[in-house]
Amino acid sequence: MKFDKDFNPGQGNTYNEWNIEHVENLNPAATTVTTTHHHYGEEKVADGGCKKLDDEQKEALRADILAYVGRLTNCVKQEWKSKYATLWKKILALPEVDTKIYYPGRQKNTTFNRQLVGNIIKLLIGKVLEGNPTSLATALEGTAAHSVRTDMGNDAPEEIRKAVSQLLA
């Protein structure tokens, strides 16, 4: 099957061509289809739905994040109790974190990147926070069966791990 269409790539038009080259049907339950996809014109890149936030919006989200991680104050080690809120303010001010933390992406029921917050909490477990991901997820969300528990088991991106580790040193 071949489709032909006139287009002018200089005008921002795009055109997709799909050629089904080979179809095998020896067993109806196991069909193999080989296809080739050609894209002509300018490739449209998704921006991830990120729009630039002004300072007021960032400050409101920063307050939401600080309130969210503030639920863990009972899990903070004694030597960090007085510095915990300041530590999170410094973490949120890091350029590596600032560019990603305020954009939730496809996460539901949140206004900030809760996955990244969970990844950062993983870096704090043992140094600043006492407990395990299950007890911390319960403190954050009221239940251990929440996705933030899984996020506390995953590593943050390398640049964020390095920046937070330097801050803790």
Kindly indicate whether the side chain of [X], heavy atoms from C-beta on, has any atom under 4.5 Å from the side chain of [Y].
| X | Y | value |
| --- | --- | --- |
| Lys58 | Asp98 | yes |
| Tyr102 | Val97 | no |
| Leu116 | Pro157 | yes |
| Thr138 | Thr143 | no |
| Ile160 | Ile120 | yes |

With sequence neighbours left out, which residue pairs that include part of [range] fulfil the salt bridge (charged side-chain N to carboxylate O under 4.0 Å, His left out) condition?
| range | answer |
| --- | --- |
| residues 59-69 | Glu59-Arg62 |
| residues 131-143 | Arg114-Glu141 |
| residues 120-134 | Lys122-Asp155 |

Ion pair present between Glu96 and Arg161, side-chain N to carboxylate O less than 4.0 angstrom?
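Not counted as a salt bridge, because no side-chain N and carboxylate O are separated by less than 4.0 Å.
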Counting only N and O atoms by type, is there a donor-acceptor contact under 3.5 Å from the side chain of [X] to the main-chain atoms of [Y]?
| X | Y | result |
| --- | --- | --- |
| Lys100 | Asn113 | no |
| Asn119 | Asp151 | yes |
| Arg149 | Ala144 | yes |

- Spacing of CZ belonging to Phe112 relative to CG belonging to Leu61, to within rounding of 0.5 Å: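 Output value for this atom pair is 8.5 Å.
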- Item | From CD1 (Ile121) to CG (Leu72), nearest 0.5 Å |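 Result: 5.0 Å between the selected atoms.
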Open item on the list: Can you confirm whether more than 12 heavy atoms, excluding those of Glu56, are under 6.0 Å from its CD atom?
Closed with: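 Atom CD in Glu56 is not packed in, count stays at 12 or less.
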- Message: Does atom NZ (Lys81) have a neighbourhood of more than 12 heavy atoms from anything else shown, all under 6.0 Å?
- Response: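 Counting neighbours around NZ of Lys81, more than 12 heavy atoms of other residues, nucleotides or ligands fall under 6.0 Å, so yes.
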Task: Residues in side-chain hydrogen bond (donor to acceptor under 3.5 Å, both in side chains) contact with Asn132, at least two apart in sequence or another chain - done: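 Asn132 satisfies side-chain hydrogen bond (donor to acceptor under 3.5 Å, both in side chains) with Ser135 once adjacent residues are dropped.
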Quick test of your reading: applying ring pair (Phe, Tyr, Trp, His ring centres under 6.0 Å), list the pairs with at least one residue in residues 136-165, sequence neighbours left out, ordered by first then second residue.
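Residue pairs with at least one partner in residues 136-165: there are none.
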Between Met152 and Leu140, is the side chain to side chain contact (heavy atoms under 4.5 Å, CB included) condition met? List the steps. CA-CA 11 Å; Met152 284 185 234; Leu140 283 171; 3.7 Å; yes
Let me check something: any side-chain donor-acceptor pairs from residues 83-94 under 3.5 Å, sequence neighbours excluded? List them with distances.
{"unit_1": "Tyr84", "atom_1": "OH", "unit_2": "Val69", "atom_2": "O", "d": "3.0"}
{"unit_1": "Tyr84", "atom_1": "OH", "unit_2": "Trp88", "atom_2": "NE1", "d": "3.2"}

Query raised in the report: Do you know which two heavy atoms are closest between Val148 and Ala137, and how far apart they sit?
Result: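 For Val148 versus Ala137, the nearest heavy atoms are CG1-CB, 4.0 Å.
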